[in-house]
Amino acid sequence: MQWTLVIPLKPLALAKSRLADTAADGLRPGLALAFAEDTVAAALACAAVGDVAVVTDDTLAARTLAALGAGIVPDEPRAGLNAALTHAAAVVRRSGPETPVAALNADLPALRPLELARVLDAAAEFPRAFLPDAAAIGTTLLAVSPGRELLPAFGPDSRARHRASGAEELRLTAVDSVRQDVDTGDDLRTALALGVGPRTAAAAARLLGIGQ
């Protein structure tokens, strides 16, 4: 079974404000794009993934990620992350109604295709399932089987909200790369220790002077 992944990405100029402790305002857009590039590239290299759709209105991000092989879905109705994901899931389902769909964070620069495949294989056992982030507070992946609504509840305390909504929590080990999203400088250093993709490694070395 191959999945369609929906990856949301806000305008780069607004992305990763919590990295202010590590990177200046002018540097964060480049880091956010590098995270997304490595995430998309790893997702497309995963045998369990058939298609990747990035939800964004950022022109540079759309052009860059489309060049990697991702489809681009406009961010509609511009009512926040969960509304954008609901819209994107409906869009991709029009061309593949029998395809399972998963929402995946765009800030997983250490993502490993084999680990992502393990998570998706586990998610396939349930109508709707999610993977908590490394901090055990948020969510990095929410997956649904064909015919089921995504019903995303990303944002603060999304782990608790997804669990309360009836989604199955995936309790997997050895999938750290799928759980390690990057919001802060400490998160980035943890991701670098796991081993990030080439674009994030280059951006971290060039812009932050770390990861070398």
Side-chain angles (χ1 to χ4, degrees), residues 1-10 36 38-57 61-62 65-66 68-108 111-133 138-155 157-175 177-179 181:
M1 177 165 57
Q2 286 196 309
W3 293 74
T4 293
L5 300 189
V6 178
I7 299 179
L9 181 63
K10 67 173 61 176
D38 286 333
T39 301
V40 167
L44 287 168
C46 176
V49 175
D51 296 289
V52 170
V54 175
V55 192
T56 188
D57 279 338
L65 298 172
L68 293 178
I72 305 299
V73 178
D75 182 358
E76 297 178 4
R78 297 186 180 179
L81 171 60
N82 293 311
L85 286 171
T86 299
H87 166 72
V91 169
V92 301
R93 280 249 168 95
R94 289 173 198 157
S95 58
E98 298 305 315
T99 301
V101 174
L104 181 72
N105 287 11
D107 58 350
L108 299 169
L111 186 64
R112 301 283 189 273
L114 288 176
E115 292 185 14
L116 176 59
R118 283 193 62 221
V119 173
L120 292 172
D121 287 348
E125 300 297 319
F126 305 98
R128 186 163 166 268
F130 74 97
L131 185 73
D133 65 7
T139 302
T140 57
L141 180 141
L142 174 67
V144 291
S145 59
R148 297 296 295 255
E149 296 296 324
L150 189 63
L151 302 178
F154 287 90
D157 301 318
S158 65
R159 179 190 184 190
R161 294 201 291 163
H162 281 133
R163 185 191 294 157
S165 74
E168 182 74 21
E169 180 172 339
L170 299 175
R171 303 177 185 274
L172 300 175
T173 59
V175 292
S177 76
V178 196
R179 300 183 64 202
D181 53 354

Between the side chain of [X] and the main-chain N/O of [Y], is any donor-acceptor distance below 3.5 Å?
{"X": "T140", "Y": "N105", "answer": "no"}
{"X": "R161", "Y": "F154", "answer": "yes"}
{"X": "R118", "Y": "T173", "answer": "yes"}

Rounded to the nearest 0.5 Å, what separation is found between the [atom1] atom of [X] and the [atom2] atom of [Y]?
{"X": "S158", "Y": "L142", "atom1": "OG", "atom2": "CG", "result": "9.0 Å"}
{"X": "L151", "Y": "H162", "atom1": "CG", "atom2": "NE2", "result": "8.5 Å"}
{"X": "D133", "Y": "T139", "atom1": "CG", "atom2": "OG1", "result": "7.0 Å"}
{"X": "L170", "Y": "L131", "atom1": "CG", "atom2": "CG", "result": "6.0 Å"}
{"X": "L108", "Y": "L116", "atom1": "CG", "atom2": "CG", "result": "9.0 Å"}
{"X": "L104", "Y": "I7", "atom1": "CG", "atom2": "CD1", "result": "5.0 Å"}

Checklist entry - Quick one: which of V55, L65, D75, I72 gives a side-chain contact (heavy atoms from CB on, under 4.5 Å) with L9? => result L65
Checklist entry - Can you list the steps and then say if E169 with F130 is a side chain to side chain contact (heavy atoms under 4.5 Å, CB included)? => result CA-CA 5 Å; E169 180 172 339; F130 74 97; 3.5 Å; yes
Search all heavy atoms of [X] against all heavy atoms of [Y] and return the closest pair with its distance.
{"X": "A89", "Y": "V92", "answer": "O-CG2, 3.3 Å"}
{"X": "P100", "Y": "Q2", "answer": "CD-O, 3.5 Å"}
{"X": "P113", "Y": "C46", "answer": "O-SG, 3.4 Å"}
{"X": "E115", "Y": "S177", "answer": "OE1-OG, 2.7 Å"}
{"X": "V6", "Y": "A88", "answer": "CG1-CB, 3.5 Å"}
{"X": "V144", "Y": "L150", "answer": "CG1-CA, 3.8 Å"}

Item to check | Under the side-chain contact (heavy atoms from CB on, under 4.5 Å) test, residues paired with P8 that sit two or more places apart | outcome: L81, L85
Checklist entry - Is E149 atom CD crowded by more than 12 heavy atoms from other residues, nucleotides or ligands, each under 6.0 Å away? => result no
